[in-house]
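Just below is one structure, and these are the notes that go with it.
Computed over heavy atoms, backbone and side chain alike; hydrogens, waters and symmetry mates excluded. Quick caveat, the model's predicted, so the values are computed rather than measured. Numbered from 1 within each chain, the chains take letters A, B, ... in sequence-line order.
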Amino acid sequence: MTTVRTPAGWPATEEQARAVQDDLRGGVVLDETGPLPGSGRVTGVDVAYDDERGVVAAAAVVLDAVTLDVVAEATAVGEVSFPYVPGLLAFREIPTVLAALDALSCAPGLVVCDGYGLAHPRRFGLASHLGVLTGLPTIGVAKNPFTFTYDDPGPARGSASPLLAGTEEVGRALRTRDGVKPVFVSVGHRVSLDNACAHTLALTPGYRVPETTRRADSLCRRALAEVTLQEGGPIV
DNA sequence: GCGACAG
DNA sequence: ATCTTGTCGC
């Protein structure tokens, strides 16, 4: 498994991190429709933390978009490169996620992030950031509405309503299971919002959260537990 | 100024 | 994110 240190020149302050976002934001491509939903490959990425030890583990799991079978998977561990600050989540996750993606034996296709893309205070969330750095089509599927507002979608799976920053639609509250709290979908890079929602529905035949995220979540937890046990019980 | 706030 | 067992329900 690959190990990652915080990259040289990585932002050390919130001000620096926000400057990086302002600098990279122009690289986001919003006028592409993206891969056809339900075809090709779809990759989920997620990370797990042990803040006590400053360790982070990331996982990337590639699924066949039709069967949702696992095609490839990879993990990476690293040191926590930034504290959790709402709006700056990407700086905490990206180095290790990039390493996991690099370790894959095949092309990722569409990347599904656990978090936001365009739906972000500066319109540059984790999915946008990862998309710009890799050039890959990305979307964000979050479990919470963050600071945004929305009207509750209809009760049936597939119902959606705009996710709003004031009057601007930055994403969509999408019901993936009948009568269950919606997920919050936003565009990352090179994918339209309609397609982002279609992909999300294709990835949720049985659970609220996309299969990609579920697979990546369990894999990165296992990877973290592995290193955490290796380093011995109590904090070293 | 205070509270809220993806993971 | 993470701390955490059993339990109610389909």
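Atom-to-atom, NE2 of A/His129 to C1' of B/dG7 comes out at 16 Å; the value is rounded to the nearest Å. Atom CG of A/Asp46 and atom P of C/dA1 are 7 Å apart (whole Å). Residue A/Arg122 contributes atom CZ, which lies 12 Å from atom C1' of B/dC5 at whole-angstrom precision. Remark: C1' of B/dC5 and CG of A/Leu88 are 12 Å apart, rounded to the nearest angstrom. Protein atom NZ of A/Lys181 is 11 Å distant from nucleotide atom C1' of B/dA6, rounded to whole Å. A/Phe148 has its CZ atom 12 Å from the P atom of B/dG7, to the nearest Å. Following rounding to the nearest Å, A/Asp217 (CG) and B/dG7 (C1') show an atom-to-atom distance of 11 Å. Rounded to whole Å, atom P of B/dA6 lies 8 Å from atom OH of A/Tyr116.
The neighbour count for A/Arg157 CZ, taken as heavy atoms of other residues, nucleotides or ligands under 6.0 Å away, is above 12.
Close to B/dG7, at under 4.0 Å from its OP1 or OP2, lies a side-chain N or O of A/Asn144. Note on A/Arg221: a side-chain N or O is less than 4.0 Å away from OP1 or OP2 of C/dT2. Close to B/dA6, at under 4.0 Å from its OP1 or OP2, lies no side-chain N or O of A/Lys143.
Ring planes of A/Phe82 and A/Phe91: tilted class, angle from 30 to 60°.
When all heavy atoms are compared, the tightest approach of A/Glu169 to A/Leu193 is OE2-CD2, 3.7 Å.
Among the protein residues, A/Ala119 comes within range of no part of the nucleic acid, since none of its heavy atoms lies under 4.0 Å from any strand. At a threshold of 4.0 angstrom between heavy atoms, the contacts of A/Gly87 include nucleobase atoms, whether or not backbone atoms are also involved. Residue-level contact check: A/Tyr49 touches the backbone only, with heavy atoms under 4.0 Å from sugar-phosphate atoms and none from bases. Nucleic acid contact for A/Leu163: none, since no nucleic acid atom lies under 4.0 Å from a heavy atom of the residue.
Which of C/dT2, B/dG7, B/dA6 sits closest to the side chain of A/Phe146 comes down to B/dA6.
Evaluation of A/Tyr84 against the base of B/dG7 yields a stacking contact (centre distance < 5.5 Å, interplanar angle < 30°).
A donor-acceptor contact closer than 3.5 angstrom links the side chains of A/Asn195 and A/Thr33.
Inter-residue side-chain proximity for A/Trp10 and A/Ile94 is flagged as met; some heavy-atom pair is nearer than 4.5 Å.
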